[in-house]
Amino acid sequence: MSAPDAVGPVPGPRPARRSWPGPLRAAVACAALFAALVTTVLAAGGTGALPGDQALHAWALAHRPDAVMATARALTDSGTGIWPYLLAALAGFLAGRGARGRTAGAVAALAVLLLGQGVRQALMLAIARPRPPHADWATHASGFSMPSGHSTTSALVAGLVCWAAAQGVRGILCRCVWGLAVLWAAGVGLTRIYLGVHWPSDVVAGWLLAAAYLAAMVAVTRGRLPVRRPPRTPRGTG
């Protein structure tokens, strides 16, 4: 009789590798880009413009017709004061489900915006970058320069509006809302450069900070808010 074959332990299935969710990856990527930009500014002394900053700033100073200036001031004013908070509350209200859900959505959206403002203020004080020369300003401004407050605020509100649209509508209407929100936030940021109160890198830093913060919020709160879902389109219908 031959010896029985030795049977070793049967290897089990390999455990699946857990990957980071998409919003968390986006938050990390935007935060890394923000940190790299801030490091570059601080390494250059933190008090002056980067090479690209100076070129765009000089172009804005040389192209200021009255009609464009008036439009830029009106657009930049929409990114501060009470308006961003009203838009955020309305977005949260419309995204909610039921009376309590709508109230909770409005409160949650305002809380997200206020917390984001706190983060921005803390970073602005820590970086303490001066603004462009006061003689170049074409509107009122206060505080330090990086990240841009108007740019961060409008980007945060645009993100909340896009989130609300994704909960309630689908198709072309949702894409239109997204497009208008992004264009508004981009326009507000660009006016800060055009009006001479921020360096371009301040505006980019504001956009990156808002994107990192919103993506982190999506990763943390996914599935935990009482929001309504858009109706599913039946298969086979155009």
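Please read all numbers here as calculations on a predicted model, not as lab measurements.
Proximity of a side-chain donor or acceptor of Thr103 to a complementary backbone N or O of Ala99 within less than 3.5 Å is detected. Side-chain N or O atoms of Asp202 include one that pairs as donor or acceptor with a backbone N or O of Trp199 at under 3.5 Å. Of the possible polar contacts, one joining the Tyr213 side chain to the Gly116 backbone as a donor-acceptor pair under 3.5 Å is found. Not one N or O on the side chain of Ser151 forms a donor-acceptor pair closer than 3.5 Å with the backbone of Ser148.
Residues Leu50 and Leu56 fall into different hydrophobic clusters, defined by Ile, Leu, Val, Met, Phe, Trp and Tyr side chains chained together at heavy-atom separations under 4.5 Å.
Members clustered with Leu86: Ile82, Trp83, by chain and number, using a 4.5 Å side-chain heavy-atom cutoff among hydrophobic residues. Trp178 belongs to no multi-residue hydrophobic cluster, having no ILVMFWY side-chain contact under 4.5 Å with any other such residue. In the hydrophobic clustering, where aliphatic and aromatic side chains (Ile, Leu, Val, Met, Phe, Trp, Tyr) are joined below 4.5 Å either directly or transitively, Leu125 groups with Met124, Phe144.
Taking Thr76 as the reference, Thr191, Arg192 meet the side chain to side chain donor-acceptor pair (under 3.5 Å) condition, with sequence neighbours excluded. For Ala215, the side chain to side chain contact (heavy atoms under 4.5 Å, CB included) partners at least two apart in sequence or on another chain are Ala26, Ala27. Residues forming a side chain to side chain donor-acceptor pair (under 3.5 Å) with Asp136 (at least two apart in sequence, or on another chain): His57.
Side chains of Trp184 and Ser154: a donor-acceptor N/O pair is absent below 3.5 angstrom, by distance only.
Screening Val157, Leu114, Thr153, Leu90 for a side-chain contact (heavy atoms from CB on, under 4.5 Å) with Tyr85, the sole residue that qualifies is Leu114.
Residue Tyr194 comes nearest to Ala72 through the heavy atom pair CD2-CB, 3.9 Å, listed as atom of the first residue, atom of the second, then distance. Scanning all heavy atoms of the two residues, the minimum distance from Phe34 to Ala205 falls at CD1-O, 3.4 Å.
Counting heavy atoms from C-beta on, the side chains of Val177 and Val161 come closer than 4.5 Å.
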